[in-house]
Amino acid sequence: MNASRRIWIKTPLATLDEASAGGVVIEGQRIVEALAAGEVPAASVDEQFDAREHVMLPGLINSHHHFYQTLTRAFPAALNKSLFSWLKSLYPVWAKLGEEMVEVSTQVALAELLLSGCTTASDHHYLFPQGLENAIDIQMAQAEKMGMRVHLTRGSMSLGEEDGGLPPQSTVQDEDAIMADSERLIARYHQAEPGAMSRVALAPCSPFSVSESLMKASAKLAEKHDVRLHTHLAETHDETAFCEKMFGLRPLDYLEKVGWLSDRVWLAHGIHFNDDEIRRLGAAGTGIGHCPSSNMLLASGLCPTLDLERAGSPVGLGVDGSASNDGSNMIQEVRQAFLLGRLRYDASEITHQKVLSWATEGSARCLGRDDLGALKVGMQADIALFKLDELRFAGAGDPLAALVLCGAHQADRVMVAGQWRVTDGAIDGFDLKALIERQKNLARKLAA
């Protein structure tokens with residue numbers, strides 16, 4: 001669809017916002033009209049898509065992931081372990097990552113996300129063993145081929161076992177090399193303008209894998225180039241104990257000490273905060289990428305999502321790494337957030353609309369985007385359409401609620417920046433069968 005063509009996605013079965021019950025009109029990359037029920041476009045359109053059998057959502061936005069981990073799903077040595085022992089069993093395996101492995105695992109993660117209605121993905125890649133210094137470049141190339149919008153974070157690990165950290169020395173990098181590459185990637189790939197298809201953020205991995213000096217230097221560099229900051233924080237009690245022993249501070253106090261308690265930052269997990277810390281996070285506008293499946297699999301705990309949101313923190317959703325999920329399906333993650341949230345809060349507070357808002361507007365706020373996450377005029381034309389024609393939906397009443405309660409798995413159509421990327425449940429021009437075989441072979445090679 002070229003920039004001058006107008007397309008009307010017409011009268012969906014249901015939508016997240018009643019203001020678009022009559023559909024949306026797209027011109028180029030943007031939504032130019034949102035129609036209420038019964039309304040028609042103000043000007044003629046070149047193309048119509050009848051969405052009467054589809055639930056229409058803004059494209060889902062994944063706020064936290066580790067694409068490379070699709071190579072180590074259900075990894076035997078990592079089964080039935082909590083975070084620290086799980087990491088220690090996998091670090092030596094991940095240290096053997098190669099270029100083709102990053103290429104293929106990125107394709108796998110993006111394909112799985114796209115098919116689940118996700119149009120924007122943030123990834124946290126922090127492994128750069130010798131020979132893999134161009135990992136982010138490989139990921140950017142794959143995202144461009146897939147036609148997906150990405151926020152790739154230049155992760156890092158600088159604190160190895162010899163210095164009191166958790167990762168083995170073979171997986172850590174020199175701080176000067178990390179900072180130089182961070183600047184290179186920002187200069188090459190970061191698009192600051194609205195409608196950007198690629199952005200870069202800085203993401204030292206965690207308090208137990210990077211030095212205090214790297215955290216401070218990253219904050220200064222992010223401010224210099226006006227990019228965002230991301231890290232794991234307050235995921236487990238082990239992490240709290242580590243911070244108290246290593247720094248004499250709780251994780252959030254450490255975060256503030258290194259200049260990270262701000263609205264430039266979004267954090268993965270954010271489980272173990274006390275009431276005062278939640279208040280401070282909200283006052284700073286620091287975002288939280290909630291990862292329910294991973295939190296359950298690693299027995300990490302329940303994120304206080306509503307408390308954080310009420311305090312003022314944006315709350316988004318992330319699938320997290322596919323070795324602690326073990327999938328990359330965003331619409332399934334919405335259901336997990338819904339069910340897990342109801343273990344902590346009242347049923348009237350955790351609604352299907354609420355968790356869908358986390359996967360759209362909430363994640364967009366975490367990533368610093370005001371042009372994504374809603375079906376409104378001026379927003380980017382990132383749209384996911386789901387059919388309710390599978391057995392799991394037979395007998396469902398409310399179509400929008402059915403997506404979450406009945407467990408939707410796959411979108412029928414997905415549009416990114418005004419371009420159809422998924423049609424009839426398949427990624428356009430993409431050989432999924434061949435990709436699966438490549439991934440299987442590489443996973444076996446990595447495990448061996």
Side-chain angles (χ1 to χ4, degrees), residues 29-30 58-68 102 106 109-110 113-114 118-126 134-156 178-205 218-232 260 262-268 285-289 314 316-319 328 330 359-374 378-382 416-419 421:
Q29 287 190 203
R30 295 166 59 250
L60 305 179
I61 300 168
N62 181 35
S63 68
H64 183 67
H65 205 341
H66 307 290
F67 294 165
Y68 73 88
V102 171
T106 298
L110 289 174
L113 287 166
L114 190 57
C118 177
T119 53
T120 301
S122 178
D123 188 59
H124 188 179
H125 188 91
Y126 52 81
N134 62 337
I136 305 292
D137 302 85
I138 295 169
Q139 290 186 314
M140 284 291 186
Q142 300 317 307
E144 188 175 359
K145 285 179 188 174
M146 193 79 73
M148 273 190 77
R149 209 182 290 277
V150 288
H151 282 231
L152 300 186
T153 72
R154 205 300 179 181
S156 51
I178 291 167
M179 299 310 293
D181 193 51
S182 297
E183 274 207 284
R184 178 186 71 83
L185 291 167
I186 292 167
R188 182 163 183 184
Y189 297 111
H190 184 72
Q191 301 170 356
E193 68 275 8
M197 292 298 290
S198 68
R199 284 191 180 170
V200 174
L202 304 183
C205 185
S218 297
K220 287 178 182 173
L221 190 64
E223 187 172 4
K224 175 184 173 183
H225 293 291
D226 194 21
V227 299
R228 294 184 77 74
L229 290 163
H230 183 53
T231 192
H232 299 92
W260 276 58
S262 78
D263 59 3
R264 187 184 297 284
V265 176
W266 87 103
L267 307 169
T286 303
I288 305 293
L317 279 190
V319 299
S328 308
M330 264 305 284
T360 52
E361 287 183 281
S363 285
R365 288 182 64 204
C366 282
L367 299 183
R369 298 295 292 253
D370 59 6
D371 56 345
L372 306 177
M379 304 297 272
Q380 288 292 298
D382 292 5
V416 185
Q419 302 283 340
R421 298 303 303 131

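All values derive from a computational prediction rather than experimental measurement. Quick note: numbers below take in every heavy atom, side chains included, and nothing from hydrogens, waters or symmetry partners. Quick note: residue numbers are just sequence positions, from 1.
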>> Just so I know, are the side chains of L185 and L152 near enough to count as touching, which here means a heavy-atom distance under 4.5 Å?
In response: no

> Is there a side-chain contact between T231 and L267, using heavy atoms and a 4.5 Å cut-off?
Replying inline: yes

> What closest approach, in Å, do L367 and R228 show between heavy atoms, and which atom pair accounts for it?
Replying inline: O-CD, 3.1 Å

> Does any non-hydrogen side-chain atom of R184 lie less than 4.5 Å from one of D137?
Replying inline: yes

> For the ring pair Y68 and H125, is the centre-to-centre distance below 6.0 Å?
Replying inline: yes

> So do L60 and L317 actually touch side chain to side chain, heavy atoms under 4.5 Å?
Replying inline: no

>> Pairing donors with acceptors under 3.5 angstrom, does anything connect the side chains of R369 and Q380?
In response: no

>> In this structure, is the centre-to-centre distance between the rings of H124 and H232 below 6.0 Å?
In response: yes

> Is there side-chain contact between L372 and P58, with at least one heavy-atom pair below 4.5 Å?
Replying inline: no

> Looking at H65, H151, Q139, which hits side-chain hydrogen bond (donor to acceptor under 3.5 Å, both in side chains) with D123?
Replying inline: Q139

> In this structure, are over 12 heavy atoms from other groups packed under 6.0 Å from E144 atom CD?
Replying inline: no

> Can you tell if the side chain of V416 reaches within under 4.5 Å of the side chain of L114, non-hydrogen atoms only?
Replying inline: yes

>> Determine whether V227 and R199 satisfy the following criterion, side-chain contact (heavy atoms from CB on, under 4.5 Å), listing intermediate values before the conclusion.
In response: CA-CA 8 Å; V227 299; R199 284 191 180 170; over 6 Å; no

> So, H64 and H66: side-chain donor and acceptor under 3.5 Å apart, yes or no?
Replying inline: yes

